Amino acid sequence: MKALYQLSLADKVELVETDCLISCQEGPSIMLLPSGRVAQVNPGHNFTAWLIANIAALYHSPHRPSISLRGDAEIPPIEQMGFFSKQELVVMRNRGHIDAENIEEYIAHDGYMALYKVLTALEPEDVIKEIKSSGLRGRGGAGFPTGLKWEETRGYKTNPKYVICNGDEGDPGAFMDRSLMESDPHAIIEGMAICGYAIGAPQGYIYVRAEYPLAVKMLQTAIDNAVKKNLLGRNIMKSGFNFNIGIYPGAGAFVCGESTALMFSIEGKRGMPRIKPPRSAEAGLWEKPTCLNNVETFANIPQIIRRGADWFKSFGTPESTGTKVFSMSGAVRNVGLVEVPMGITVRSLIFDIGGGIKGNAKFKAVQLGGPSGGCLTEEHLDIPITFDSLQNVGSMMGSGGVVVMDDTNCMVDVARFFTQFSVDESCGKCVPCRTGLSVILSILEKIIMGNGVPEDLHELETLALHIQKTSHCGLGQAAPNPVLSTLRYFRHEYEAHIYDKRCPALVCTDLIHFEINADNCKKCGLCAKVCPAGAISWQKKEMPVIDKIICTKCKSCIRACKFEAIY
Amino acid sequence: MAMIKLKINNREVEVKKGSTILTAAKKAGAFIPTLCHDERLTPYGACRLCMVAERKKPAKLIPACFTPAREGMDIITENPEIIKSVKKQLQLILINHPLDCPVCDKAGECVLQDLVIRYGITAAPYKLEVRHKRVDRESSLIERDMNRCILCGRCVRICAELQGRHEIDFINRGIKTIIGTDGERPLDCDFCGQCISTCPVGALTDNTFKNTTRVWKLAKQEAVCSQCGMACSVDLNIQNGKIRRVTAPVSDHGNIGNLCARGRFGWRAYEKSARATQPQINTDGQRKDVSWPDALSYCAEKLAYVSKKYGPESIAVLSSDCLTTEEALSYRAFLRSELGIEKIGSQTAAGYRQVLSGLLETHGASCKIGSLADLKASDIVIVAGGGAAEFHPVLKTLLNSFIRKEERELIVISPWPDFCWEKATLPIYVNPEYYDKFLLEFCQSLEGKSADGSCDISQFGVPAATFAKLVSLIHSGREITLLVVPQLFGGSAALVRLTSILHHFVKTVIPLGASVNSRGAVTRAEFFTARKAEASNDSGNENVLQKIKNGNIKALYLLGDDPLEYSANPQEIEILFSKLELIIHQSPYLTRSAKFAHAVLPSAVLPEKTGSIIDMWGEEHIIKAALLPPPGVKTDADILFQLQNLWKNNSAVVKNVPANEIISSALLPPARLQYDRKQFPFMMTAVPSIYGDGIISRQSPEMQKLKGSLKIVMNADDCEKAGIADDASVHICTPYGEAKGIAKLSVQVRPGNILVENIPGNAEGLRLISEQVSAVPANIRLAGGES
């Protein structure tokens, strides 16, 4: 505000603190609306001074393109940026456009219109029909048709019923639910209220991990504001419909993203998946009919109602309609949240939106769906992203984490990383997941240490299939996917580790010799300069020598060497 | 119930809709391996061994233990894919299971061991560094070795689902999961041992059995537990004529494999070391060991003498109701025909007798005394009184199963927050001071006699809304079972009245507090229903003591019973006892009265007898002697047989035996004291102990250790005000007496109330109470300090 007063623009420009503009590598930045032009901050720059300079610049020279202070070429308005141009913003339409703490801004963007339409013009059955015909499938990963779930829950006569929003986002590298809850909490609330109306539930819960304090705060503020405006609570919009929402912060167990474990957690019990039947729709929370959907699923609802199922179906493929938010990270240039229509190819996602591989390295693999998903290779780049197509190649949509890997990633190590995650997060209920995954991890560790034997590959494969087949819940059934998919597409890397005792990507420390390859070495001495332990001795025009006793195997030299001379 | 048909291994079976594939397979005789399954518990699906497949999709494995069977399914329980999966699963389990079978008590009946043999797992191909986990050797009776645990969760579930205790649970997650208590403290629970009974491996073992023998050397003998009126089915595990442990068969008997601490661990009470084994007589103040013929002829002579001299009214008989029905009938016949005795009282089962007789009196043959099946089939259970599950601990499992089903109500009216009260859907706490008054008020309102239609219920500590709900549920027309729980001490007149009024509204009534064959003794052997119209609402004993005091009774025949251990004011009774000409103490145990007895006749315990008993549900159990009585011990039937023979021979001979010195009644303390209520700010209620207050439980060293001394349970805030810490040694005094005990803090107990456990058999404790009222005013102070 100080900046605006200094510029005497206080009456012309409103400075609004908004949530992430969702292009992580560009932030922090300001965007001037309605032109949509963006200015970035230079790290280390005086923030207020930067604000003053840029607001002025953006405001006073309307024809100037956006400003980048990082020394890049000037960047175009947001819609013209490559990162954004291929995206379809449905769920994330309000990001950066509204102040999430201000309900009026949401309402101004047609917020709560869908709820109004539902309460005034539609019967619960019509709502369910609309959702069913939109073809919306659960965005939590499994892709169960949302309309069917609602219809089933509505069909049970036990009362009360519950609506639960699953905000227990736990995959490493996934942060789309968090962003949604922080930037557009009312969309979720509205979606839940519509669900409550459709299935006949008076009460909803949002299960958020306690590690998302900002999301909890935003949601709570939003709920309070909605209650004040009678958009939640008793007799909403004088329609006679009552709906309340409570927030339940979870303690951060990955398995609590599993619906039955989540419900146990809300009930105050240990978060462990239970047997089905009964399904949650019949006896879920407190053994009452419960409809549980993901954050993104609920955020889709208001717009489907407002704009109609046909509009929604215009995105995506016939089986997988609508858009999907992915959180892209790893070796791509543009990291951040992207929302794309279903059916877009992996290539387009990574190369058009992601901007290709950082530093012009070679694309190696992409891990879709977090620890439950599988790695895909170059040959899969042209498959369309839908629920079923990914499953067919041994991966899954999951919650939408996309981790792009270049050739500096060792696939055995990647498998180990994700398996370690699953081992840590296994609830310990069923034998295959509890013990089997630990055994897989121990075999992978053995291979990475250079102690692998040829039989290990067979053992890994049979055990992984066994776990997949006999585990109780989705966590265990999907946990072997990283191992299975890397075994399928990168078997040669495993074999290199086992037979040649070599890590092709030079990641597995125990398999690196830390010696200089005389053929490649240009005797530049860069390795000696970067070595933090002083283990490399080098004289001009001499080959460096690595003292392996002093060497801490930090791999600084390998990263520094431009000629791949250290192996 | 709709039935569905499906095929298991090509064999067609018909099961109830909703049954699991496992149930169907059992019916079809197909074997499916399981580790985490227990019929008593809801399916869990943790061990993943029970995989089956449909014929059309042989590679898709379905867990059988919780997947519902569907009409027309075609299931195969074994194919290469399934066997491979089971083997792999067992191999994975074995990684975390030590092969210490030679020192494991479970070896021989270990499910894992059996499965490993069956599937021929010879070597574990996987190796994983396994951390050593803690072994809990501190808990009494139960040893928990987490290294052997396979985390099937059966113990956790049985503790929660059936016992309602939640004493143990999973801790940590993933491969680091263990099962334990909060803060890894030793167990402090009911010690029902249900967890041991369900553990498929040797992770939970019975300390009383530990390292005594190998299980395959045991012979299991079916028997009936004699610790309370539930008469649970048990298997006595016998080696060389000695009990080594007690287990329960998972069968369709009432307890379906469930047992309590007394039933499972209290068996040392049957051992010789706990028993009286030598007949004794006491002449001229000298107790001496005699032979059986001598002892019995002494008894016969004395009985005949007293009977002749003072008439049949002068002999009182008290029974602990541990006789078989046949024995009871013989005793009844003998006592009636030879001695003219009509009534056989009881002190241990006094409350039960009182309630049951009240019912029989009012309703006669149309009396709706119920069975276990009635309880299970009803919609509402009303528990009138506190301590139901403490009297009969296995009732916990029944009531927990009962309320798990939808739309069922458990109403508990109790003067203290006991187990049932905590689990109730409608818990009604009544201030103990006004408990009897409340019951009477309740009676009046049910009869529609209440002064203004609804009296002020809140004075009893009951919210009006709660009371209204209670009344509306009673009038709801749904099937109600009434469980009547008598007070441990004190008159039950109000309760008897309430019972007979509620009788109109309910489907069945089941009085609790029975001894093992109380129901048989009353309904079959008519121990209690007097032929002569006599003052009826006494259980036998109160009047007996009064009559002794009045000098009307000269001889006391104790059939296992012991008024000294179960009546208020034992000093007075001791004095009264010395006025008697004859006390026959016929019991398996040398309880307190034995000291005053003129003749001690060691009798057999129930597992040493053959015959039948009727449990409190009305079910008849045929029992067969599983043990031989120790040398010197005769069964009650034998004793009676020989006594009758002697009687026939000697009845003419009446010798003059010198009378005992009579102590002046002036020494007796006055019956009712005058006191200042301010001196006694608390209300004390004597409550039953879950570890048993019966004659048998009290002889078990294990149960005695669990019970400890007098346990004084108080509200935590009251304790704080009085500066009393948990486990502090305290004095409790009432207008009747004073005793020392251990204070226990509780957040459940209401302020101003004190519950005292373990009074029966505790001479000091018995001094605190009165036979007339259920709650007595009390005060408390730290031992050694001032109030």
Side-chain angles (χ1 to χ4, degrees), chain A residues 158 251-256 260-261 268-278 283 287-288 420-443 445-446 455-456 458-460 462-473 475-477 479, chain B residues 18 20 35-36 42-51 53 59-63 65-68 70 81-82 84-97 124-130 150-153 156 160 166 169-179 404-407:
Chain A
T158 319
F254 181 62
V255 74
C256 286
T260 57
K269 296 173 186 159
R270 182 183 163 92
M272 265 178 157
R274 66 156 169 75
I275 55 164
K276 291 178 194 171
E287 294 179 18
K288 300 284 187 262
Q420 175 76 60
F421 179 84
S422 300
V423 165
D424 289 344
E425 295 296 338
S426 163
C427 76
K429 175 172 171 169
C430 70
V431 175
C433 175
R434 181 181 68 228
T435 314
L437 285 178
S438 294
V439 174
I440 285 198
L441 181 64
S442 77
I443 296 176
E445 277 170 350
K446 203 171 84 174
E455 294 78 49
D456 284 342
H458 174 70
E459 208 48 79
L460 271 181
T462 50
L463 200 52
L465 285 171
H466 172 77
I467 296 168
Q468 200 174 45
K469 263 189 159 175
T470 63
S471 282
H472 180 79
C473 77
L475 193 157
Q477 286 161 9
Chain B
T20 60
L35 275 171
C36 70
T42 46
Y44 189 59
C47 72
R48 319 304 288 179
L49 281 173
C50 60
M51 295 296 175
K60 187 176 186 291
L61 303 181
I62 311 168
C65 73
F66 63 82
T67 310
R70 284 191 317 272
E81 193 69 31
I82 294 169
K84 209 174 90 189
S85 150
V86 173
K87 282 189 171 178
K88 197 125 259 178
Q89 223 73 279
L90 288 170
Q91 286 170 346
L92 288 175
I93 291 168
L94 283 185
I95 294 175
N96 276 315
H97 188 85
Y126 309 121
K127 283 191 181 64
L128 205 60
E129 206 177 306
V130 178
I150 56 163
L151 296 168
C152 66
V156 174
H166 302 272
D169 208 333
F170 295 98
I171 299 173
N172 304 332
R173 68 180 179 218
I175 193 83
K176 292 174 193 158
T177 313
I178 53 164
I179 289 172
R404 247 205 333 273
K405 294 219 178 103
E406 286 263 325
E407 314 263 306

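Small disclaimer: the values here were computed from a predicted structure and weren't measured. Protein chains get the first letters and strands the later ones, always in sequence-line order, with residue 1 at the start of each.
For chain B, the nearby part of A:S471 is the backbone; its heavy atoms alone come within less than 4.5 Å. Contact of A:E455 with chain B is not made at all, since no heavy-atom distance falls under 4.5 Å. Heavy atoms closer than 4.5 Å to chain A are found in the side chain of B:I95, but not in its backbone. Heavy atoms closer than 4.5 Å to chain A are found in the side chain of B:E81, but not in its backbone. Within the 4.5 angstrom heavy-atom criterion, no atom of A:R274 approaches chain B. Within the 4.5 angstrom heavy-atom criterion, only backbone atoms of B:I150 (N, CA, C, O) approach chain A. Only the side chain of A:H466 comes within contact range of chain B, with at least one heavy atom under 4.5 Å from a heavy atom of that chain. Interface residue B:I171: only backbone heavy atoms are found under 4.5 Å from chain A.
In terms of heavy-atom pairs under 4.5 angstrom with chain B, the leader among A:V423, A:D424, A:L463 is A:L463. When A:C427, A:G271, A:C433 are compared by the number of non-hydrogen pairs under 4.5 Å with chain B, A:C427 comes out ahead. Comparing B:L151, B:T177, B:L61 by heavy-atom pairs within less than 4.5 Å of chain A, the highest count is held by B:L151. Counting heavy-atom pairs under 4.5 Å between each of A:G436, A:S442, A:P432 and chain B puts A:P432 at the top.
Taken from OG1 in A:T470 to CE in B:M51, the straight-line distance is 5.0 Å, to the nearest 0.5 Å. Here the straight-line distance linking atom CD of B:E407 with atom OG1 of A:T158 works out to 8.5 Å at 0.5 Å rounding. The line from OG of A:S438 to CG of B:L128 is 5.5 Å long, rounded to the nearest 0.5 Å. Of the inter-residue distances, the one linking A:M272 atom CE with B:D169 atom CG reads 8.0 Å to the nearest 0.5 angstrom. Of the inter-residue distances, the one linking B:Q89 atom CD with A:C430 atom SG reads 8.0 Å to the nearest 0.5 angstrom.
Ion pairing between B:K405 and A:E287 fails under the 4.0 Å rule for side-chain N and carboxylate O.
By the 6.0 Å contact criterion, CZ on B:R404 is enclosed, its count of non-hydrogen atoms from other residues, nucleotides or ligands being greater than 12. Enclosure of atom NZ in B:K84 is not indicated, since only 12 or fewer non-hydrogen atoms of other residues, nucleotides or ligands lie within 6.0 angstrom.
The side-chain heavy atoms of B:L49 and A:V431, taken from C-beta on, include no pair separated by under 4.5 Å. Side-chain atoms of A:K429 and B:F170, non-hydrogen and from C-beta on, never get closer than 4.5 Å to each other. Inter-residue side-chain proximity for A:T462 and B:K88 is flagged as met; some heavy-atom pair is nearer than 4.5 Å. Side-chain contact between A:F254 and B:R173 is absent, with no heavy atoms from C-beta onward closer than 4.5 Å.
Taking every heavy atom of both residues into account, A:H472 and B:Y44 meet most closely at CE1-O, 4.3 Å.
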